[in-house]
Protein chains: 2
Amino acid sequence: MATQPPSSLSDLSAAAIEASGPAFSPLYQQIKALITRSLQSGEWKPGEAIPSEVDLAARFKVSQGTVRKAIDELAAENLLVRRQGKGTFVATHTEEKVQYRFLRLMPDDGEVGPVERRFIDCRRLRAPADVARALELRSGDAALQIRRVLSFKEQPVVFDDIWLHGGLFKGLTAERLSDYRGPMYALFETEFGVRMIRAEEKLRAVAADATSASLLNVSEGSPLLSVERLSHTYGDKPVEFRRGLYNTAAHFYRNEVS
Amino acid sequence: MATQPPSSLSDLSAAAIEASGPAFSPLYQQIKALITRSLQSGEWKPGEAIPSEVDLAARFKVSQGTVRKAIDELAAENLLVRRQGKGTFVATHTEEKVQYRFLRLMPDDGEVGPVERRFIDCRRLRAPADVARALELRSGDAALQIRRVLSFKEQPVVFDDIWLHGGLFKGLTAERLSDYRGPMYALFETEFGVRMIRAEEKLRAVAADATSASLLNVSEGSPLLSVERLSHTYGDKPVEFRRGLYNTAAHFYRNEVS
DNA sequence: AAGTGGTCTAGACCACGAT
DNA sequence: TCGTGGTCTAGACCACTTG
């Protein structure tokens, strides 16, 4: 049997990718792109199982090993979750086990309790210049601003100032936010079909201003951890920009570096 | 040809691993452990090439694919570096390209300049309780304390208070530190055979005390980013505990979350 | 028992780097 | 040209989950 058809894949949609320039791209990367496209288009929704490796191999006319390698990478990027004996599933923010996956705050005593959320406001307005730049909006385009406080054990710890891409979150109100059970990213996913994939964060130490001091119940000028986050959905499209102020008196931001 | 000898590996050192209990362990994990052992024992030194996949497959009496999967994971953990056409190399802190791999500080303007180091002191003394606990020393065991300041563009930005496992760094002096060109972790690797593999960090915002304020040229009480880092070498053995204070007026700590 | 992902093998060819 | 890692295939059996 002939091994390795020379990266042709002529009669299926991968051809489109292959055709776009002389750049060499491994087959499994093309498969990965096709799977990503199906995720993006909503063919398979968060929480659902995608077709089995054998099925996908047949569909794309490649070997199971090639599909496997594509899925391996998508799983490593947290877009998919493999479960032996059951199947491969689209990752979601709604599962208990991985809730608040992006929140890297830990209590000093290690006891991770429940988090209470209080929304200050939720307004639709024109994006300020810096937000517009981050979200790749034209300055003046609509954006959504949400401000809220997260508390642990009755103590306010996080004050978030959140800016969302206006076009993607039409109809989001303070009420819907308050009514929703679970993390905000789960709501975005369920109600607006926007799934957060990855985020870049910039951390700084800053002094509390009057507003944050009163909301976090610290004195003005107290050191707070500022976390600026730019979150992306499929295709590395930026959709959320937020600035969180963390009171790190009894909590810390954990990170692993290697 | 018979596929998959039933995880026997009877006549080589993997047998030792296999023998230790009824726990199932994939062949490639056993190979991975064997390779890690060779790295740890210094059979292959940082910067050197390890044997080719074919050679390793012959040595361990498994297929190349199995060796490949083991190496894939070690490369993902930054223990090895693959270079197509050349070979697979033991990762090192001495290369220009990946220097200060653990330092996640970035200048706001994006211009990464050279870093100047100034050592305040380097003393051998008994480990305080918290350091002893972190480094798994008996309280009272010898430890090495180093304090230094890092500057970018003439501006002091980082004040580090570093504690090292006493037994592993005999003969380390302020002079050797100052004389050495390059990152401290490169020195540890070259001169003491201690390679930092991964680290856990805890970040907080704190107020500058008198010492750090004067060293970092800020006023007392200014917010500083406190970064507590516990670094590990092979076998997850903790060997360094440090607390860095970062002036984030013109720099930020970057992180990616997914 | 059937279906899924997980492991393992053997062998082929490709892309890259050094010679 | 040769040796290295990188890709791809085809097929086998193992481990886990569900019916």
Side-chain angles (χ1 to χ4, degrees), chain A residues 1-10 12 14 17-18 22-35 44 48-76 80-91, chain B residues 1-10 12 14 17-18 22-35 44 48-76 80-91:
Chain A
M1 172 71 209
T3 71
Q4 186 160 355
S7 284
S8 59
L9 258 182
S10 39
L12 59 139
I17 299 169
E18 182 74 40
F24 166 77
S25 166
L27 240 193
Y28 78 89
Q29 289 285 6
Q30 302 176 37
I31 303 302
K32 190 179 161 187
L34 290 176
I35 296 177
W44 312 309
E48 291 179 6
I50 70 171
S52 77
E53 296 180 352
V54 199
D55 288 352
L56 288 173
R59 164 159 160 186
F60 297 134
K61 295 197 171 59
V62 297
S63 79
Q64 184 184 351
T66 302
V67 170
R68 166 168 291 272
K69 180 142 186 180
I71 293 181
D72 276 346
E73 290 204 354
L74 291 169
L80 296 176
V81 177
R82 321 194 70 144
R83 288 191 202 129
Q84 184 172 93
K86 301 182 71 173
T88 301
F89 299 77
V90 182
Chain B
M1 169 73 210
T3 70
Q4 187 162 357
S7 284
S8 59
L9 257 183
S10 38
L12 59 141
I17 300 169
E18 182 73 39
F24 166 75
S25 166
L27 240 194
Y28 77 90
Q29 289 286 5
Q30 302 175 38
I31 303 301
K32 190 179 162 187
L34 290 174
I35 295 176
W44 311 309
E48 291 180 5
I50 71 172
S52 78
E53 295 180 352
V54 204
D55 288 352
L56 287 173
R59 165 160 159 185
F60 297 134
K61 294 195 171 59
V62 298
S63 80
Q64 185 184 352
T66 301
V67 170
R68 167 169 291 272
K69 181 143 187 181
I71 293 181
D72 277 346
E73 291 204 354
L74 290 170
L80 296 176
V81 178
R82 321 193 71 144
R83 286 188 204 131
Q84 182 173 94
K86 300 181 73 173
T88 301
F89 298 78
V90 183

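Chain naming here is simple, since letters A, B, ... match the order of the sequence lines and numbering starts at 1 in each.
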Check your understanding: Tell me, which of residues 64-74 of chain B have any heavy atom that sits under 4.0 Å from an atom in DNA chain C?
Key ->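 Going residue by residue through residues 64-74 of chain B, the ones with a heavy atom under 4.0 Å of DNA chain C turn out to be B/Thr66, B/Lys69.
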Grab the [atom1]-[atom2] distance between [X] and [N] for me, whole Å please.
| X | N | atom1 | atom2 | value |
| --- | --- | --- | --- | --- |
| A/Leu56 | C/dT4 | CG | C1' | 12 Å |
| A/Leu27 | C/dC13 | CG | C1' | 13 Å |
| A/Lys61 | D/dC8 | NZ | P | 17 Å |
| B/Tyr28 | D/dA15 | OH | C1' | 13 Å |
| A/Ile31 | D/dC8 | CD1 | C1' | 11 Å |
| A/Arg83 | D/dT17 | CZ | P | 11 Å |
| A/Leu80 | C/dT4 | CG | P | 16 Å |

Review point. Given the rule in the side-chain contact (heavy atoms from CB on, under 4.5 Å) test, do B/Glu48 and B/Phe89 qualify, once you have shown the distances and angles that lead to the verdict?
Key: CA-CA 5 Å; B/Glu48 291 180 5; B/Phe89 298 78; over 6 Å; no
Between [X] and [N], does any side-chain N or O lie under 4.0 Å from OP1 or OP2?
| X | N | result |
| --- | --- | --- |
| B/Arg82 | D/dG6 | yes |
| A/Ser63 | D/dA10 | no |
| B/Thr88 | D/dG5 | yes |

**Study point:** Derivation and outcome, side-chain contact (heavy atoms from CB on, under 4.5 Å), residues A/Phe60 and A/Ile35
**Key:** CA-CA 10 Å; A/Phe60 297 134; A/Ile35 296 177; 4.1 Å; yes
Might you list the N or O atoms of the protein lying below 3.5 Å from N or O atoms in nucleotides 16-19 of chain C, with each pair's distance?
{"from": "C/dC16", "atom 1": "O4'", "to": "B/Gln84", "atom 2": "OE1", "distance (Å)": "2.9"}

Point to revise | Nearest heavy-atom neighbours spanning A/Leu80 and A/Val90 | key: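 So the minimum-distance heavy-atom pair works out to CD2-CA, 4.0 Å.
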**Study point:** Contact summary for B/Leu56 and B/Pro51, nearest pair of heavy atoms
**Key:**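 The answer is CD1-O, 3.6 Å.
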Check your understanding: Can any side-chain N or O of B/Gln30 pair as donor or acceptor with the backbone N or O of B/Ser25 at less than 3.5 Å?
Key ->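 Confirmed, B/Gln30 side chain pairs with B/Ser25 backbone.
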**Study point:** Pair A/Gln29-A/Ile31, side-chain contact (heavy atoms from CB on, under 4.5 Å): steps then yes or no
**Key:** CA-CA 5 Å; A/Gln29 289 285 6; A/Ile31 303 302; over 6 Å; no
N/O donor to acceptor pairs below 3.5 angstrom from side-chain atoms of residues 63-71 of chain B, sequence neighbours left out:
{"from": "B/Ser63", "atom 1": "OG", "to": "B/Gly65", "atom 2": "N", "distance (Å)": "3.3"}
{"from": "B/Ser63", "atom 1": "OG", "to": "B/Thr66", "atom 2": "N", "distance (Å)": "3.4"}
{"from": "B/Ser63", "atom 1": "OG", "to": "B/Thr66", "atom 2": "OG1", "distance (Å)": "3.3"}
{"from": "B/Gln64", "atom 1": "NE2", "to": "B/Glu53", "atom 2": "OE1", "distance (Å)": "2.9"}
{"from": "B/Arg68", "atom 1": "NH2", "to": "B/Glu53", "atom 2": "OE1", "distance (Å)": "3.0"}
{"from": "B/Arg68", "atom 1": "NH2", "to": "B/Glu53", "atom 2": "OE2", "distance (Å)": "3.3"}

Review point. Roughly how far, to the nearest 0.5 Å, is CH2 of A/Trp44 from OG1 of A/Thr88?
Key: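 The CH2 atom of A/Trp44 is 10.5 Å from OG1 of A/Thr88, to the nearest 0.5 Å.
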Exercise for review: Output, in order, the C-alpha distance, side-chain angles, deciding distance and verdict of side-chain contact (heavy atoms from CB on, under 4.5 Å) for B/Lys32 and B/Leu74.
Suggested key: CA-CA 7 Å; B/Lys32 190 179 162 187; B/Leu74 290 170; 3.8 Å; yes
